[in-house]
Amino acid sequence: MGFAGSGKVHAADTKEQMLSVQAQMQKTDQQMAEVQQQMTDLDNQLKQNKQQYKTQLKQFKARARAMYMMGNTGYLEILFTSDDLSQMLSRMDSMRAVLKSDQDLIQNIANQKNQIQATKDQMKKTEDQLAQIKKAQEEQYKKLASEYNAENSAANSMNLHFGSGTWTNDYIWPIDLNNPNALNISSGFGGRASPGGIGSINHKGVDVPVSNGTPVMAIADGTVVYAGEASGYGNYVAIDYGTGSDGTTYGSGYGHLSSVQVQVGQHVTKGQVVALSGSTGHSTGPHLHYDFYVNNSQVDARTYYPTLNFTGKGRN
């Protein structure tokens, strides 16, 4: 029986995240294409609108100029050629109505132009927003790709195998509880924002923000199965604690260490200092990355310490 390597679990999760970001990028591309098509349609509407506006304005100016040129003579002609007062008033109203209709039509075309332009401006804002989203997605993908490569490298370099020995269910927290930050979790298990853009966004351990050089202890009696550099995890120590009476296997891993104090194959006892905390590998500052393995999978270590009172933003 044995555990899968820490790096392999991380790399698989990171690959899934990369595929998810790729799908998001494709969706964003589709949205941008739709917006661009809508803007093209709006441009065509604007061209038609402008042409219609010019044509109508030209007709209005021609009619207005004709009426101006007619002046009083035109009105006298209307008066004397009318059969009666009613017809004269009707003709004058018709002329005014034509001009009023032209004015209303021109104003309506102008309003349409303004509305189309306003819609186009809003679409441009949407296009700019989508461009920013696409840029952020591309940056996220690059970070994930870099992390994926680092984690694959870590998996290949560690090649972890667990399961030997006997688990006695007698274990402790890896940081001395007298340390004021021992139970402060700066980054919890599971989904999170990538710290500084360089850490995993599907965190498989818990981070304890202790200062550089803080002693890190074996949580139980076991055997060291990895001790050394592990790419994105920096200096890493993995300890096999064996198999319990029910067939469950246990192990732990410590990452970003400043110093490794043990060797592969070395037997360690509960509470023995095996490393010093640090900030090697993909790390934004001194801390201990603590992996807890149960039956081939990394789990939230805190669930196996029900009597400890954890604090920090990573608690939930």
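Using a 4.5 Å cut-off on side-chain heavy atoms (C-beta onward), Q24 and K27 make no contact. For the pair L177 and L308, the minimum side-chain heavy-atom distance is below 4.5 Å. K47 is not listed as a side-chain neighbour of Q51, based on a closest heavy-atom distance of 4.5 Å or more. Between Q122 and T126 there is a side-chain heavy-atom pair separated by less than 4.5 Å. Residues V294 and Y250 form a side-chain contact, since some pair of their non-hydrogen atoms from C-beta on lies under 4.5 Å apart.
With sequence neighbours excluded, the residues satisfying ring pair (Phe, Tyr, Trp, His ring centres under 6.0 Å) with Y304 are F292. Among residues two or more places apart in sequence or in another chain, the side chain to side chain contact (heavy atoms under 4.5 Å, CB included) test is passed with N178 by D176. N235 pairs by the side chain to side chain contact (heavy atoms under 4.5 Å, CB included) definition with E229, L257, V260, T280, not counting sequence neighbours. In this structure Q132 satisfies the side chain to side chain donor-acceptor pair (under 3.5 Å) test with no other residue, sequence neighbours excluded. When the salt bridge (charged side-chain N to carboxylate O under 4.0 Å, His left out) test is applied to D128, the partners found at least two apart in sequence or on another chain are K124. E139 meets the salt bridge (charged side-chain N to carboxylate O under 4.0 Å, His left out) test with no other residue; sequence neighbours excluded. In this view, S252 and Y241, Y254 satisfy the side chain to side chain donor-acceptor pair (under 3.5 Å) rule, not counting sequence neighbours. The side chain to side chain contact (heavy atoms under 4.5 Å, CB included) search around Q26 returns none, not counting sequence neighbours. Take N212 and apply the side chain to side chain donor-acceptor pair (under 3.5 Å) test, not counting sequence neighbours, and it matches no residue. Taking the side chain to side chain donor-acceptor pair (under 3.5 Å) definition, one finds that Q45 meets it with nothing, sequence neighbours left out. Listed by chain and number, the residues in a side chain to side chain contact (heavy atoms under 4.5 Å, CB included) with Q129 amount to none (sequence neighbours excluded).
Considering CE of M25 and NZ of K134, their distance stands at 5.0 Å, rounded to 0.5 Å. For the atom pair CD of Q37 and CE of M39, the computed distance is 11.5 Å after rounding to the nearest 0.5 Å. Annotation: the span from D300 atom CG to F310 atom CZ amounts to 8.0 Å, rounded to 0.5 Å. Expressed to the nearest 0.5 Å, how far CD1 of I239 lies from CD of Q266 amounts to 9.0 Å. For the atom pair CG (D246) and CG (N295), the distance works out to 7.5 Å, reported to the nearest 0.5 Å. The CD1 atom of I116 lies 7.0 Å from the CG atom of L42; values are rounded to the nearest 0.5 Å.
Between N179 and V210, the shortest heavy-atom distance links the atoms ND2-CG1, 4.0 Å. Minimum interatomic distance between S277 and H287 (heavy atoms only, all atoms of both residues): CB-O, 4.1 Å. Across every non-hydrogen atom of S211 and P286, the tightest pair is C-CB, 4.2 Å. Summarising the geometry of M123 relative to Q38, their closest heavy-atom pair is CE-OE1, 2.7 Å, with the distance given to 0.1 Å. Across all their heavy atoms, A301 and W173 have their closest contact at CB-CZ3, 4.4 Å. When every heavy atom of Y305 is checked against every heavy atom of P174, the shortest pair comes out as OH-CD, 4.4 Å.
Judged by distance alone, the side chain of T243 and the main-chain N or O of G163 form a donor-acceptor pair under 3.5 Å. Listed for the D240 side chain is a donor-acceptor partner under 3.5 Å among the backbone atoms of S164.
Between the side chains of N111 and Q107, at least one donor N or O sits under 3.5 Å from an acceptor N or O. A side-chain N or O of D291 and one of Y236 form a donor-acceptor pair less than 3.5 Å apart.
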Tabulate below the donor-acceptor pairs under 3.5 Å that side-chain atoms of residues 268-276 make, not counting sequence neighbours, or state none.
residue	atom	partner	partner atom	Å
K270	NZ	D170	OD1	2.9
K270	NZ	D170	OD2	3.1
Q272	OE1	T269	N	3.2

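Under the 4.5 Å side-chain heavy-atom criterion for ILVMFWY residues, a single connected hydrophobic cluster contains both V299 and L288. Under a hydrophobic clustering in which Ile, Leu, Val, Met, Phe, Trp and Tyr are joined whenever their side-chain heavy atoms come within less than 4.5 Å, directly or via other members, V21 and L130 fall into different clusters.
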Residue pair N44, Q48: steps toward the side-chain hydrogen bond (donor to acceptor under 3.5 Å, both in side chains) verdict: CA-CA 6 Å; N44 292 333; Q48 295 174 6; over 6 Å; no
What do the steps show when you test K120 against D43 for side-chain contact (heavy atoms from CB on, under 4.5 Å), and what is the final call? CA-CA 8 Å; K120 184 180 177 182; D43 280 334; 2.4 Å; yes
side-chain contact (heavy atoms from CB on, under 4.5 Å), that's the test. Do T311 and I185 meet it? Break it down for me. CA-CA 6 Å; T311 61; I185 306 301; over 6 Å; no
Worked check of side-chain contact (heavy atoms from CB on, under 4.5 Å) between Q31 and V35: CA-CA 6 Å; Q31 291 174 327; V35 169; 5.5 Å; no
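Between H289 and Y233, the ring planes are parallel. Angles under 30° get that label, and only those over 60° would be called perpendicular.
Partner of Q117 under the side chain to side chain donor-acceptor pair (under 3.5 Å) criterion, chosen from N114, D121, T119: D121.
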